[in-house]
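What follows is a short report on a single structure.
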Amino acid sequence: MERGAARQPGQRPPAAAGRHRDVTFALLGYGRFGQAFAGLLQQAGHPVRVFDPQAGVPADLAAPSAAAAVDGAAWVVLAMPVPHLREALLALRPQLQAGQTVLDVGSVKMHPCATMDELLGAQIPHVGTHPLFGPLSLARDERPLRAVVCPAADHPQAAVRAGGLFRELGCEVIEQDPASHDRAMAMTHALAFFIAKGLVDLGVDDGTPVAPPSFQGMKHMLAAVRGDAGHLFAAIQRENPFAGEARAQLLAQLERLHRQLLADVDDDRLAIPAPSA
Ligand SMILES: O=C(O)C(=O)C[C@]1(C(=O)O)C=C[C@@H](O)C=C1
């Protein structure tokens, strides 16, 4: 695991100073994360060109096509919903040059990394990344930001460059292989969204003034699910090969607990053992 030189909490990335005028980013996808990432890149002084066939892109950022966005860009950021990545990359492949670095920013890593390896091969430098932040955590000013970087076997230098980019944006960088990442996300991200969506669908009112402190921590989970158009929830669950098993294990544990409570087991048996020293 590689830990980057993190900024101090609350410390901002360097302000735009025109230092990076030659390092242009092509951002393909302007959804919730694409918009947030464009803002971070611009704040750091990077020119950004955006193409999104669906979302309204501000005129000063908009490129007329994916090819126009990518032309001459040092970085190509794949910020479309994960299930669209393959088709987008197939269409884009003829425009890409060996001097460019392609990175994805999806919440799962096995499928996107395998797709980039397959379609970009040894010719086009590429790297998988998962920024562990989004518009809500940025708005809460959570620092330090964190990003996972999954190096491609053929392109270790692309991973080094991506690590440098995320550090420049104020992130701690964690290096992981795609399977370890997806396993960890199945037990954290996927379960958090699963529980939160269950609570939202149940009609739980997280705005009630009597919600106790123990519930306050869940509010971020509910806000994340409410802010999602559905793509993120589906990708986190369906594109992660370990998420189904994690959900099944959680449901089994909840069912077991439910039965214990109904069976009136001794309260002591419900206690969670203290962690061993
Ligand atoms: O900050 C937000 O807006 C988020 O929802 C961030 C969030 C999450 O915590 O679920 C969303 C998706 C990413 O894959 C990682 C982080």
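Note that ligands are numbered from 1 as they come in the structure, with each ligand's atoms numbered from 1 the same way.
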Closest non-hydrogen protein atom to atom 5 (O) of ligand 1, residue and atom name please, with distance? Ala224 CB, 3.9 Å
Any non-hydrogen atom of Arg32 lying under 4.0 Å from ligand 1? yes
Checking the side chain of Lys197 only, and the main-chain atoms of Phe233 only, is there a donor and an acceptor separated by less than 3.5 Å? no
For ligand 1, is any non-hydrogen atom under 4.0 Å from His189's backbone (N, CA, C, O), its side chain (CB onward), both, or neither? side chain
Which ligand 1 atoms, with their elements, are less than 4.0 angstrom from a heavy-atom of His130? 13 (C), 14 (O), 15 (C)
Looking at ligand 1, does any of its N/O atoms fall within less than 3.5 Å of an N/O of Ser107? yes
Between ligand 1 and Leu232, is the shortest N or O to N or O distance under 3.5 Å? no
Exercise: identify the closest heavy-atom pair between His130 and His181: ND1-NE2, 2.7 Å
Would you call the rings of Phe193 and His189 parallel, tilted or perpendicular, taking 30° and 60° as the class edges? perpendicular
Polar proximity ligand 1 side, Leu132 side, N/O cut 3.5 Å exclusive: no
Ligand 1 versus Phe193, non-hydrogen atoms closer than 4.0 Å: side chain, backbone, both, neither? side chain
In terms of side-chain heavy atoms, does Asp177 have a donor or acceptor partner in Ser180 at a distance below 3.5 Å? yes
Short list, please: which atoms of ligand 1 are under 4.0 Å from a heavy atom of Ser137? 1 (O), 2 (C), 3 (O)
Heavy atoms, side chains only, cut-off 4.5 Å: are Gln42 and Leu61 in contact? yes
Using atom types as modelled and distance alone, determine if a side-chain donor or acceptor of Asp182 lies under 3.5 Å from a backbone N or O of Met110. yes
Just say parallel, tilted or perpendicular for the rings of Phe166 and Phe133, cut-offs at 30° and 60°. perpendicular
Geometric N/O contact Pro131 with ligand 1, under 3.5 angstrom: no
Under-4.0 Å salt bridge between Asp141 and Arg143: yes
Should you measure from each heavy atom of Leu136, which atoms of ligand 1 turn up under 4.0 Å away? 1 (O), 2 (C), 3 (O)
